[in-house]
Amino acid sequence: MSDNKHNCGCGHDHEEEMELETMTLTLDDDTEIECGILGVFEVEGMVGKEYIALLPLEGEEVYIYEYKEEGEEIVLDVIEDDADFEKVSNAFYDLYEEEE
């Protein structure tokens, strides 16, 4: 018998899988916020770009940034263009609704 907490037979502990990976977000004023990573996603029509949705562990507002990996480093960029931000936000909320 496996030592997982449920009996589906897959060998994974699904309760642990529900926990979000986290990362520390440093704001412009050097404030650090621990955030859960909701997901990294692409947006149709925005070729070559990925975006990340973050949820502060002590908050309810979702932060969305452009996401890049440069070697070992993760780089988050603010989405400056209002139309682009709206498109990315809508794509995230559409994906989020599909997950539920």
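Interatomic distance, L76 CG to Y51 OH, rounded to the nearest 0.5 Å: 12.5 Å. Between atom CD of residue E44 and atom CD of residue E42 there is a gap of 11.0 Å, rounded to the nearest 0.5 Å.
Among the candidates I37, L57, L54, the single residue satisfying the side-chain contact (heavy atoms from CB on, under 4.5 Å) test with T22 is L57.
The two residues E61 and P56 make their nearest non-hydrogen contact at O-CD, 3.0 Å. The shortest non-hydrogen separation linking D81 to D84 is OD2-N, 2.8 Å. Taking both residues in full, the closest heavy atoms of I79 and E66 are given as CG1-N, 3.9 Å, listed atom of the first, atom of the second, then distance. G36 and L20 get closest at one heavy-atom pair: CA-CD1, 3.9 Å.
Taking the side chain as every heavy atom from C-beta outward, M46 and V88 approach each other to under 4.5 Å. Inter-residue side-chain proximity for L38 and F92 is flagged as met; some heavy-atom pair is nearer than 4.5 Å.
By the criterion of side-chain heavy atoms lying less than 4.5 angstrom apart, applied directly or through intervening Ile, Leu, Val, Met, Phe, Trp or Tyr residues, L95 is not grouped with I52; the two fall into different hydrophobic clusters. In the hydrophobic clustering of this structure, Y93 does not group with V40; members are Ile, Leu, Val, Met, Phe, Trp, Tyr whose side-chain heavy atoms approach within less than 4.5 Å, directly or through other members. Residues Y67 and Y65 share a single hydrophobic cluster, defined by chaining ILVMFWY side chains whose heavy atoms lie under 4.5 Å apart. Linking Ile, Leu, Val, Met, Phe, Trp and Tyr whenever their side-chain heavy atoms come within less than 4.5 Å leaves V78 and V62 in two separate clusters. Tracing side-chain contacts under 4.5 Å through hydrophobic residues (I, L, V, M, F, W, Y), one never reaches L55 starting from L25; they form parts of separate clusters.
With 3.5 Å as the limit, one finds no donor-acceptor pair spanning the side chains of T24 and E32.
In D28, the CG atom is not crowded: 12 or fewer heavy atoms of neighbouring residues, nucleotides or ligands sit closer than 6.0 Å. Residue D82 qualifies as open at atom CG: its count of foreign heavy atoms under 6.0 Å is 12 or below.
A donor-acceptor contact shorter than 3.5 Å is absent between the side chain of K68 and the backbone of E50. A donor-acceptor contact shorter than 3.5 Å links the side chain of S89 to the backbone of F85.
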